[in-house]
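Take a look at the structure set out below.
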2 protein chains.
Amino acid sequence: MNPPCAHIIDDDEAIRDALQWLFKTRDVACATWPSAESFLDAVQPDWRGCAVLDIRMEGMSGLECFDALRARGNQLPVVFITGHGDVPMAVAALKKGAFDFIEKPFNDSDLVDVVMRALETDAVRQRADATRETVEARLALLTAREQEVMELILAGKFNKVIADELNISMRTVEAHRSKVFEKMEVRSAVELAQLVNLVRGRPAA
Amino acid sequence: MNPPCAHIIDDDEAIRDALQWLFKTRDVACATWPSAESFLDAVQPDWRGCAVLDIRMEGMSGLECFDALRARGNQLPVVFITGHGDVPMAVAALKKGAFDFIEKPFNDSDLVDVVMRALETDAVRQRADATRETVEARLALLTAREQEVMELILAGKFNKVIADELNISMRTVEAHRSKVFEKMEVRSAVELAQLVNLVRGRPAA
DNA sequence: GGCGGCATTGCGGAAGACCACAATATTGCA
DNA sequence: TGCAATATTGTGGTCTTCCGCAATGCCGCC
């Protein structure tokens, strides 16, 4: 798996070099890209780290690059750097989920701190994604009937009640329940609830 | 309980009047305040709705007002209005949880749409808060030992295992378990898990 | 037509959870 | 000192869940 890396994307070579130098002095692994297009051409789904984007660039802008990343399902944290105060742009970017917005001139240490926090946030997200994918893979193994039974288990209902609601025998519920536990790799309904809640957010109140 | 209301906070009377008129034409209940101080003096914890704040005001600024609200635990959504592009201020406010940031001159309809979404967001938050308070009140009824037993139940463990881990008899675990279910007003471990997860966010992976 | 997967069901038994009744010991407080 | 709350435990019983063994029927596919 790729190690985490801060991707510096700026059409200004001097800026790229300066940021690369700055990050290296703080032991932050980084790569530079002269344009949004070049980065998007190269970026792989399994890359970890963050992107540091100049918001105004020749060709594709920083915001367009951000939109393109999200459109392809890439969740790398993105830190914007801009030279000109532009409130609607900053607001739009943050509301779309940009990690942070840094205005020039900036304090070098502040930028590096933001980037390091972005890298850590990405590490946490990747671990959460791995867990979610595991759970979703297991959920995908369930037949339609097993899913129905599982939902009623998660609703806290007893087997007898589930049997009544699905108009099947209690033994059938037992059989499905057993299969659900086996496929989800749990040993109790509580374990099942905790596991499924990892990928569903909070259960409905 | 107070009905939801959009609080207009601006030291410029003309702005207050204009916004009040605008909101009224769209049937948005609102109140006006000539200063952040006057609003903070009056605001009550049970108020619902949102605050529409000018960011630059005589005396206490919009950001200071926002900080003061959050400092006293008030979670009303806050929409900032500003006349001057100021990226760090906008970024700082959004990262602190401001609902939105509108720059003058703005489209009337856009502002009203944002305010209506803020009001809806507050309604959702209030319902979630009510639920959380109910659950937390029940959790507060548990003795220390009951809490210990509950944690192990939520970890999916069988009574026998819990007894071994706590060095008590299985009958004692049964007794505590029964009390936990009674106080939390649930009938099964799954219901308990779902209820507690409402206030704890996602269970640990 | 046969096969495999899935859904369904029953029987019998073991394991786990729940509960009523009953009891003792500890601790903090009035 | 007495009382109430909490913690603890046992006995006996019921209810729920789990599981092995055994079986039939439906459906889609080769």
Strictly by modelled atom types, are B:Asp129 and B:Gln75 linked by a side-chain donor-acceptor pair under 3.5 Å? no

Listed by chain and number, what are the ring pair (Phe, Tyr, Trp, His ring centres under 6.0 Å) partners of A:Phe158, not counting sequence neighbours? none

Side-chain H-bond candidate by donor/acceptor type, B:Thr134 with B:Thr131, under 3.5 Å: no

Check the phosphate of C:dC19 against B:Ser178, side-chain N and O only, distance under 4.0 Å to OP1 or OP2. Yes or no? yes

Students often mix this up, so state it plainly: with edges at 30° and 60°, are the rings of A:Trp47 and A:Phe39 parallel, tilted or perpendicular? tilted

So, with a heavy-atom separation below 4.0 Å from DNA chain D, the residues of residues 135-151 of chain A are none

Quick one: closest heavy-atom pair of A:Ala193 and A:Leu154, and the distance? CA-CD2, 3.5 Å

Atom pairs under 3.5 Å, N or O on each side, protein against nucleotides 21-25 of chain D: can you list them with distances?
none

Separation of atom CD in A:Glu174 from atom C1' in C:dG12, rounded to whole Å: 12 Å

Rounding to a whole Å, what distance do you find between A:His176:NE2 and D:dC19:P? 16 Å

Can you tell me which stems DNA chain D forms when a stem means 3 or more consecutive Watson-Crick or G-U pairs under 3.5 Å? C:1-30 with D:1-30

B:Arg187 CZ to D:dT16 C1', straight-line distance once rounded to whole Å: 14 Å

Determine yes or no for a side-chain-to-main-chain donor-acceptor pair under 3.5 angstrom, with A:Glu146 supplying the side chain and A:Thr143 the backbone. yes

Quick check against the 3.5 Å criterion: does A:Gln44 have a side-chain atom that pairs as donor or acceptor with the backbone of A:Ala42? yes

So, with a heavy-atom separation below 4.0 Å from DNA chain D, the residues of residues 152-170 of chain B are B:Ile168, B:Ser169

For nucleotides 28-30 of chain D, list the nitrogen or oxygen atoms of the protein found under 3.5 Å from its nitrogen or oxygen atoms, one pair per line.
none

Taking atom CD of A:Gln147 as the centre, report whether more than 12 heavy atoms of other residues, nucleotides or ligands fall under 6.0 Å from it. yes

